[in-house]
Amino acid sequence: MLRAQKLGMTNGEFVFISFEINISYDYIFRTTTWKNGTADSASNQLALEAFRSLLIFGVVVDFGADYEQFTDEVRRRMSDPPFNIPQNETLATGVYVSLLYDAVMLYAHGLDGAIKHGNSLYDGQTIAKFMLNATFQGKSGFMALNQNGDRRMNYGIFDLKNVSTSPNFAMVLKYNSYSDEMIIDSRFQGRIEWAYQNYTTPLDEPFCGFDNSKCQRSDQTASIIGSAFGAALALCIVIGFFWYRRMQYLARLAGMPWKINPADLVFSRTVASCHFGGSLGSVGRQSQNSNTSNALQLFTRVAKYKSNTVAVKLVERTRKLELTRDIMKEFQTLYDMHHNNITTFIGAVVEDIKAQVVTQYCPRGSLQDVLENNDIELDMNFKVSFATDIVQGMIYLHSSDIKSHGNLKSSNCLVDSRWVVKITDFGIPSLRKINRVSHDDGEHANYSRMLWTAPELLRMNDPPPNGTPAGDIYSFAIIMQEIIERGPPYCNCRLTPKEIICNIMERRDGIIFRPTIPDNSCPPEIKDIIVQCWSESVQFRPSFSAVRKLIKKSSFGKETDIMENMVNLLERYANNLEDIVEERTQQLIDEKKRTDELLYRMLPKSVAEQLKTGQLVQAEAFDEVTVYFSDIVGFTNISASSTPMQVVVLLNDLYSLFDEIIKNYDVYKVETIGDAYMVVSGLPIRNGSRHVKEIANMAIDLLECVKRFKIRHMPNHKLKLRIGINSGPVVAGVVGKSMPRYCLFGDTVNTASRMESYGEALKIHISESTCKLLERDEDYEIMLRGEVEIKGKGVLNTYWLLGNRSSNLIETIEDDNFRFSPDNHNNAV
Ligand SMILES: Nc1nc2c(ncn2[C@@H]2O[C@H](COP(=O)(O)OP(=O)(O)OP(=O)(O)O)[C@@H](O)[C@H]2O)c(=O)[nH]1
Ligand SMILES: [Mg+2]
């Protein structure tokens, strides 16, 4: 009751009824049921208030007149063995004693009936049957059982009385269920004192119902009305929203935001990409590459649009392009599409018979270009990430208004700067459908274009321009083969595209024709996906969403997290780049080495280095160097009796030999002019006085080698060399800018040249200065030639260098009668 009070239910509106079985007049009148002996008076006061709302409904035992006598008898008997309970104990008295007595009497009644009717004493059901409708005066009042075995008894209602003086529960009404009478006893203390509003009888039911449902109902009605109104409002908002969107769409459609002014497109260049031809609609193709199996060189037209680089695809038609509502809608649909794995449609220029479709430019070219580029290393993760990009793009495309691509192939999958694959060339089916300018690129290219087309579409006379979703899945499988194999479709078979297409369409002997993928080229789960995707039966091909799940389930699809994937991708790309850079650097180093070598052959290394760093090479004076000249005796005659090519071969053979020999000496070859060969020692790097010996030894060596030299086309002809040497000061420097040459200047050079021209065949003619330097070394055998009149010099003493005693002597052709004639020296053979 205290709990009810806390809930505010004891204000009299509610009446609580409790049921008591153990009630007698005495008991009731003596008991103060609300009071808790251990509680404080304040709590008891609260309880008293609460108990005012309680009516006790109880069984009223009528003990009858002999009750006292009965209890005395019970006490007496209980004092006897085996109970031995003292007579003054109250235990033997009470309502239960009389109730138990009456129960035994009732059982006896049933037993009596059973015995009388000859029934078994052990059949409980029969005994119980004879108890039904029993009536007798029991010790707990009149005992009467109805036909169901229920006892008809007296029941009473007790109410709390004398609240302000000595509160107690008192019977206010008695009901005899046997006689069905209400009995008002004189001992009753008046009527029920209701706790409700000044003792007035409470309503049968509270105003809001026992569970507040009656009040709620009105609340509910309000809320139903409210929600109906809300729903109507929401519906209006939704309809209004869609209507607004529709109006916006129509306004946009009419405004044609995708329309580009041709003047805004600034064409810069075309980017080439080499592969099989494009679709019939595009006119990007420019030239036919004749040597590689009819492959076409295709070009992307690149332009600047609002300072962005864009790709422009020209679509030409044979008749005027009407901007019908359908075409406008198709352009608008493209314009509204945005996804990371499709190229952004920027707009279109629509002119009389052509349209220029402007899309986002992908600098890395198509997937086909990337796959064909062997510099790019692609591991399986990279390949699967390409595949995943295509799948994501296609899922978006299939869920869009476009529904399907219809021309999915590797050249229509572009790779952007961050290696993300983006699908392109989809949509605008009306534009694709109306008659196009036909580009007959030849049978090979035409059939090559069909390699991605699903067999069911190949068999159709008029396939839908947008293709079908299942057809796209088939095309995806062919792209996967390209990715896995890094080659064109069907790269493992030797058939021509025409033969391949025929095989696919005909399905000979029920065998379907598809590309082969070697087992070791990709994990089995990836191969399974590809095989499923190119199933002959459309029903067996999975959707792109299913393919995405299958890839995710594979060992390559375990995306840990997008950032990690991104980082892995970048890392792989960086590693790839590092390898490429390393390779390229090596190539550059090799190339540089080659050009340097070439340069060092033309110029002394120290001079070349200065020129390379852009320094001005100052002419340099050298106090003493030795200059060597040689010439082929009778070269004019040899040239006259040979073809120019034979002369070139001869000189090349000879001077290659010379070049090899002079490598053994510290000399610098200045030049070869025709048949003349000029070498110097002592520059550009000074070598003290060694220059003369270097040149002398070299000259002896060269002469020896000439004696053994055989002219290829004149094997019997003995080649003879005339050698002249002079030593002295020179100035060396680079002359000329476009073809710089390292030249020597000074009289020393002229004299050396004269020494050669006034010399004799197979002899080394040296000047006096050279002779003096050589004489310091006793190894050299030198012979005075005598006085020779040299043009521009006067009469000079000259010498023959015969040989080096420490190595081999020259077998000189001694001619005592030699008479020098400056005019006939060229003819001396
Ligand atoms: N680098 C680069 N290449 C592109 C871009 N767009 C197209 N291409 C390439 O340009 C070439 C010509 O493209 P298209 O005229 O569409 O020819 P296609 O893709 O082979 O065939 P269809 O799409 O059927 O016409 C193809 O190799 C494309 O891969 C781009 O944005 N960047
Ligand atoms: Mg294309």
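Residues take their numbers from the sequence shown, with the count starting at 1. Quick caveat: nothing in here was measured; it's all calculated off a predicted structure.
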Which pair of heavy atoms, one from C771 and one from I782, lies closest together, and at what distance?
SG-CG2, 3.8 Å
Keeping Q481 on the side-chain end and I517 on the backbone end, is there a donor-acceptor pair under 3.5 Å?
no
Measure the CD1-CD1 distance between I484 and I479 for me, rounded to the nearest 0.5 Å.
12.5 Å
Can you run down the salt bridge (Lys or Arg N to Asp or Glu O under 4.0 Å) pairs that involve residues 723-735, sequence neighbours left out, and say none if there aren't any?
none
Flag yes if more than 12 heavy atoms outside K693 fall under 6.0 Å of its NZ atom; otherwise flag no.
no
Does the distance from a Lys or Arg side-chain N to an Asp or Glu carboxylate O, for R594 and E591, drop under 4.0 Å?
yes
Donor-acceptor side-chain pairing of D369 and S366 below 3.5 angstrom
yes
Going by distance alone, is a donor N or O of one side chain under 3.5 Å from an acceptor N or O of the other, for T626 and H691?
yes
Heavy-atom neighbours of D623 CG exceed 12 at 6.0 Å
no
Between K422 and C362, what is the shortest heavy-atom contact and its length?
CD-SG, 4.2 Å
Charged N to carboxylate O under 4.0 angstrom, K772 versus E775?
no
Side-chain donor or acceptor of T585 paired with backbone N/O of V581 under 3.5 Å
yes
Find out whether L719 and M714 are in side-chain contact, i.e. whether some heavy atom of one side chain is under 4.5 Å from a heavy atom of the other.
no
Side chains of D631 and S757: is there a donor and an acceptor less than 3.5 Å apart?
no
Side chains of E768 and L796: closer than 4.5 Å at any heavy-atom pair?
no
Within the 4.5 Å heavy-atom criterion, are S642 and L650 side-chain neighbours or not?
no
Student check: side-chain heavy atoms of P684 and K605 closer than 4.5 Å:
no
Where S767 and S727 come nearest, the two heavy atoms and their spacing:
OG-N, 3.9 Å
Please examine the side chains of D389 and W419, heavy atoms only from C-beta on, and report whether any two atoms are closer than 4.5 Å.
no
Taking all atoms of both residues into account, what is the closest heavy-atom pair of V670 and Y742, and its distance?
CG1-O, 3.7 Å
If you define the side chain from C-beta out and look only at heavy atoms, does anything of M480 sit under 4.5 Å from I526?
yes
Full working for side chain to side chain contact (heavy atoms under 4.5 Å, CB included) between K409 and R449
CA-CA 9 Å; K409 54 183 174 177; R449 243 175 255 134; 4.0 Å; yes
Would F386 and L378 count as a side chain to side chain contact (heavy atoms under 4.5 Å, CB included) if you check the C-alpha gap in whole Å, the side-chain angles of each, and the deciding distance to 0.1 Å?
CA-CA 10 Å; F386 281 160; L378 297 176; 3.9 Å; yes
Test item: K304 and T309 side chains (from C-beta on) under 4.5 Å apart, heavy atoms
yes
Please check: side-chain N/O of S410 versus main-chain N/O of L367, any donor-acceptor pairing under 3.5 Å?
no
Using 0.5 Å steps for rounding, measure from the CD atom of Q360 to the CG atom of N308.
9.5 Å
4.5 Å side-chain heavy-atom contact, I725 and Y799
no
Among I695, V679, D701, find the one that has a side chain to side chain contact (heavy atoms under 4.5 Å, CB included) with Y665.
D701
Residues passing the side chain to side chain contact (heavy atoms under 4.5 Å, CB included) test with K791, sequence neighbours excluded, are R754, Y758
Give the minimum heavy-atom separation between S689 and R776, together with the two atoms involved.
CB-NH1, 4.2 Å
Is there a side chain to side chain contact (heavy atoms under 4.5 Å, CB included) between T798 and H765 once you walk through the steps?
CA-CA 7 Å; T798 64; H765 191 203; 2.8 Å; yes
Heavy-atom count around Q587 CD within 6.0 Å, excluding the residue itself: above 12?
yes
Step by step, would you call D675 with Y655 a side-chain hydrogen bond (donor to acceptor under 3.5 Å, both in side chains)?
CA-CA 9 Å; D675 60 333; Y655 291 142; 5.7 Å; no
Pick from T359, D416, T424: which one makes a side chain to side chain donor-acceptor pair (under 3.5 Å) with T343?
T424
Applying ring pair (Phe, Tyr, Trp, His ring centres under 6.0 Å), can you list everything that pairs with F622, at least two apart in sequence or on another chain?
none
Which of D779, N804, N664 passes side chain to side chain donor-acceptor pair (under 3.5 Å) with N697? It is N804
The reported gap from CD1 in I376 to CG in D579 (rounded to nearest 0.5 angstrom) is 12.5 Å
Can you name the closest pair of heavy atoms from A699 and Y628 and give their distance?
CB-CE1, 3.8 Å
R722 (side chain) donor-acceptor with M755 (main chain) under 3.5 angstrom:
no
For N687 and E694, does a side-chain donor sit closer than 3.5 Å to a side-chain acceptor?
no
